Amino acid sequence: MTPPGLDAPPPLGASALPAGTYAGQVVVVTGGGTGLGKAIATEFGRLGAAVGIASRDPDHRAAGVASVEAAGGTALGVACDIRDADAIAGAFDTITAELGPINALINNAAGNFPVPAEDMSPNAWRTVVDIVLNGTFLCSRDLARRLIPDGKPGAIVNVGASYAWTGGPGFAHSAAAKAGVKNLTETLAVEWAPYGIRVNGLVPGLIPHADEVAAIAAVPGKYIGQDDRVPAGRVGEPRELAWAATYLCSPYASYISGHSLVVDGANWQRRHTVQPAFTPIREQLGRPPFGQGG
Ligand code: NAP
């Protein structure tokens, strides 16, 4: 008989943190209008934060604002491409003017698609690294430059991926960028602790959601037997990641900085005593041999 796996989480709307934990606080979530970012924005809003949702697509931002408001929170969508330092400064200025000084930042935005490394264009490499690594640095730097002169504390959470530790075949650009984000988290935690700014990583496992980009959703076999592919016996729920984000930014995590918290049902450490047959990445992605139409 298959063992039951990990328990289901409490229902959407529940919270381990006291109601109003973030009352009077302003939290920015990059990419907070879709998927996991939207779930994170929503949980901060539920706990009383005014949430700034920074991303490029107005429809995404509107969806994020609507979700936060449905949870009883306040939200503002601001146009921002996190590859552009001036755009970040402008967006953070708008959020500060409309909602108040920013207390916490969730660097959640990312771009990603699977491609064998030998097929990857220079533009594809640069674009993903620019969004994931450079964008995370630029947003973090902008917030620190606001907090430090004012002597204000703050919290930053960088959403990562476990292939930062292992490498990620098919995702060389994203995996390298996420490894950079994990390393950056550790550096900034040390540099900014003297100013009262905590910096942590938050690493989702297999957490499906309705907004997954087409290139990820199209990976062959992605949605077949997902629960069975995790030691937990089930995939994660977006709210499980979002609760971790609200904890990491809260006063109850006051001595946690420079840590990357993995929320993945023990998936990334899995090993078989005898590994299953190896499948090269081109084959996994259904691509013909390099140079033969691939
Ligand atoms: P998603 O739905 O594709 O969301 C990505 C978000 O990033 C979008 O809201 C997008 O908004 C924003 N974005 C992309 N480029 C941007 C740019 N240049 N400037 C500003 N915003 C930008 O992704 P997700 O699945 O929710 O993933 C959220 C985070 O979790 C990412 O960091 C991802 O790497 C990580 N993660 C997810 C999983 C999973 O199972 N889902 C697993 C491991 C790690 P706009 O289009 O409006 O700009």
Side-chain angles (χ1 to χ4, degrees), residues 28-42 51-65 67 77-88 90-92 105-114 126-139 142 157-166 168 170-171 173-182 184-185 201-219 222-223 226 229-230 232 234-242 244-245 260-265 267-268:
V28 174
V29 184
T30 65
T34 64
L36 305 184
K38 183 165 75 174
I40 291 169
T42 302
V51 184
I53 293 174
S55 82
R56 300 161 304 171
D57 184 320
D59 292 339
H60 289 166
R61 297 195 299 271
V65 169
S67 183
V78 288
C80 181
D81 187 323
I82 62 166
R83 293 170 288 186
D84 179 344
D86 291 338
I88 294 165
F92 285 15
L105 166 68
I106 312 300
N107 284 308
N108 163 82
N112 199 10
F113 54 90
R126 286 194 197 100
T127 299
V128 171
V129 172
D130 212 6
I131 297 170
V132 172
L133 179 56
N134 299 345
T136 296
F137 173 70
L138 293 173
C139 289
D142 196 293
V157 167
N158 297 325
V159 180
S162 59
Y163 49 39
W165 286 274
T166 63
F171 297 94
H173 43 13
S174 173
K178 292 292 193 184
V181 167
K182 179 190 169 287
L184 179 68
T185 298
L202 179 61
V203 177
L206 189 56
I207 306 183
H209 58 77
D211 299 320
E212 273 165 28
V213 291
I216 301 280
V219 171
K222 176 154 171 61
Y223 296 105
Q226 284 196 308
R229 291 193 262 120
V230 186
R234 65 172 179 84
V235 297
E237 297 287 343
R239 64 184 180 278
E240 296 183 284
L241 188 78
S260 284
L261 176 61
V262 182
V263 180
D264 83 338
N267 201 32
W268 80 273

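Note that the coordinates shown come from a computational prediction; the quantities given were computed from them, not determined experimentally. Read the numbers this way: they start at 1 and go in the same order the structure lists the ligands and their atoms.
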I'd like to know whether ligand 1 has [X] as a neighbour, heavy-atom separation below 4.0 Å.
{"X": "Pro238", "answer": "no"}
{"X": "Thr30", "answer": "no"}
{"X": "Arg83", "answer": "yes"}
{"X": "Pro204", "answer": "yes"}

Next item on the list: Would you sort out whether Asn158 and Thr136 count as a side-chain hydrogen bond (donor to acceptor under 3.5 Å, both in side chains), showing the intermediate values?
Entry: CA-CA 7 Å; Asn158 297 325; Thr136 296; 5.1 Å; no

Notebook entry, point to check: Mind checking whether Ile82 has an N or O less than 3.5 Å away from an N or O of ligand 1?
Noted result: yes

Margin query: Check this for me - ligand 1, Gly205, N or O atoms closer than 3.5 angstrom, yes or no?
Written below: yes

Notebook entry, point to check: Is it true that a side-chain atom of Arg229 and a backbone atom of Val235 form a donor plus acceptor pair closer than 3.5 Å?
Noted result: no

Checklist line | side-chain hydrogen bond (donor to acceptor under 3.5 Å, both in side chains) against Ser67, all qualifying residues, sequence neighbours excluded | finding: Thr42

Next item on the list: For Ser55, enumerate each residue passing the side-chain hydrogen bond (donor to acceptor under 3.5 Å, both in side chains) test, keeping only those at least two apart in sequence or located in another chain.
Entry: none

Next item on the list: Mind checking whether Asp57 contacts ligand 1 via backbone (N, CA, C, O), side chain (CB onward), both or neither, at a 4.0 Å heavy-atom cut-off?
Entry: both

Checklist line | Residue selection (non-hydrogen contact nearest atom 7 (O) of ligand 1) among Ala109, Gly37, Gly35 | finding: Ala109

Note to self: Among His60, His209, Arg56, Glu212, which one puts a heavy atom closest to atom 23 (O) of ligand 1?
What the structure shows: His209

Checklist line | Numbered atoms of ligand 1 (with element) below 4.0 Å of Val213, judged on heavy atoms | finding: 3 (O)

